[in-house]
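Structure, as structure tokens:
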Amino acid sequence: MGTSRMFRIFVVLGSAFMILLIIIYWDDVGASHFYLHTPVSPGPKVPHPPPQKRPQTSRAPSFLSDIDAFVNQFLEPGTGEPTDTAPLLTVNFPFLFLMEQQEQRRRLLQDMCANDSVVFPSKNRSFDDIPNKELDHLIVDDRHGIIYCYVPKVACSNWKRIMIVLSESLLQEGVPQRDPLAIPRDLVHNTSMHFTFNKFWKRYGKFARHLMKVKLKKYTKFLFVRDPFVRLISAYRNKFELPNEDFYRRFAQVMLRRYANQPTPPASVDEAFSVGIHPSFSHFIQYLLDPQTEKDMPFNEHWRQVYRLCHPCQIQYDFVGHLETAEEDAEHLLRLLRVDNVVEFPTSSRNLTASSWESDWFSTVPVEARRELYKLYEPDFRLFGYERPDSLLNE
Ligand SMILES: *[C@@H]1O[C@H](CO)[C@@H](O)[C@H](O)[C@H]1NC(C)=O
Ligand SMILES: *[C@@H]1O[C@H](CO)[C@@H](O)[C@H](O)[C@H]1NC(C)=O
Ligand SMILES: *[C@@H]1O[C@H](CO)[C@@H](O)[C@H](O)[C@H]1NC(C)=O
Ligand SMILES: *[C@@H]1O[C@H](CO)[C@@H](O)[C@H](O)[C@H]1NC(C)=O
């Protein structure tokens, strides 16, 4: 009797002690056991360094260690002494070029975030001050240790498809779906398919923030961006030039009422299209510039600025892809993530909005409005290295 009571007391005390330890060392516990991500499949096509060679320190740019190791593999075949293998370097020039390009894009982000002459709302706040609902664009894949911030109108369907494949969350007859293009469109955009940061609260309670920070530190974070004005043209074409009941009711009717002298616009998008009524691109820009728009509700994600969707000054992205070079960037990224043997980026055959159409599209927009629009999107231009479209703004 006495022994079993002693034993019970021991168990209780021991458990309490363990819990205390876990609370105190949560960071280390979390970092070293719970979130270790191991690639599910064997090595990719490109030679990579063994994991233990990578530096353990902080958020060391793993790509830098990659590039070192990659170069070393050719420079130091076995001996560890550099040898003259210049031809090999030349062969791998595209790889080195893409590495350098990423380095530049990351450095630009850092510079712009540190530069006080680049000002935008909530630039100075800390990660802890970002409300949960503004973290809903960060998709987490624990299996491979990847975080993707999706930006609508920047190949986000395809990247969401890849995240679904990688997370193996979609089963097809009992086995994970491996073909990104086989995933139906409505499923791709169904939020229940993606584990996003704003869902952490539900799952992890008060540890949510802490876990997010651990994951942000350990995982590879990427996003894709494109020229902000071209993104707007693409959003307009996709949502208002094609019949879309949802966008018609939520936005097009508002634009028609406010800017097109249509106090009673047609009730449905089919009716409107059958009589040839839809808001013009100029109406759309007017809507974006109207202070009332943000008062009613925050910009819809299809035209919300990237700095508001992805918080690039609070989250240090490892990889910044550009839609303008989507294919080579995608190939490079999948290789860096070591999943290039698991999934391939789907090539797009759709009629992409081209930068060269910009002047045509904006020809109906008054120059003054273009300049205001530039101010609205200037942080995105500057953070991601897109040139100010002088020819549009200086007319
Ligand atoms: C900050 O940006 C301004 C342009 O807005 C530029 O002239 C200046 O050189 C930048 N400062 C630094 C430290 O990069
Ligand atoms: C952000 O902080 C800098 C100084 O660190 C300050 O000059 C700037 O006005 C602040 N910006 C905002 C929007 O609060
Ligand atoms: C998303 O998927 C869930 C279950 O997979 C389903 O219940 C829900 O209706 C879907 N939502 C939409 C908007 O399709
Ligand atoms: C793509 O769309 C634009 C306008 O929406 C049109 O002018 C162009 O002809 C289209 N191109 C192709 C190849 O379909």
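Both counts, for ligands and for their atoms, begin at 1 and track the order of listing.
- Residues Asp128 and Ser126 bring no donor and acceptor atom of their side chains to less than 3.5 Å of each other.
- In this structure, the protein non-hydrogen atom closest to atom 3 (C) of ligand 1 is Ser117 OG, 3.2 Å.
- Taking the six-membered ring wherever Trp is involved, the centroid distance between the rings of Phe200 and Phe207 does not fall below 6.0 Å.
- Within the 4.0 Å heavy-atom criterion, the part of Arg382 lying near ligand 1 is the side chain and not the backbone.
- Between the side chains of Asp318 and Tyr219, no donor N or O sits under 3.5 Å from an acceptor N or O.
- Inspection of the Asp296 and Gln292 side chains reveals an N or O donor paired with an N or O acceptor under 3.5 Å.
- Residues Asn190 and Ser192 bring a donor and an acceptor atom of their side chains to less than 3.5 Å of each other.
- At a distance under 4.0 Å, a protein heavy atom can be found next to atom 14 (O) of ligand 3.
- Of the protein's heavy atoms, at least one falls inside 4.0 Å of atom 5 (O) of ligand 3.
- Scanning the protein for heavy atoms near atom 8 (C) of ligand 3, the closest one is Asn190 ND2, 3.8 Å.
- Annotation: atom 10 (C) of ligand 1 to nearest protein heavy atom, Asn115 ND2, 2.3 Å.
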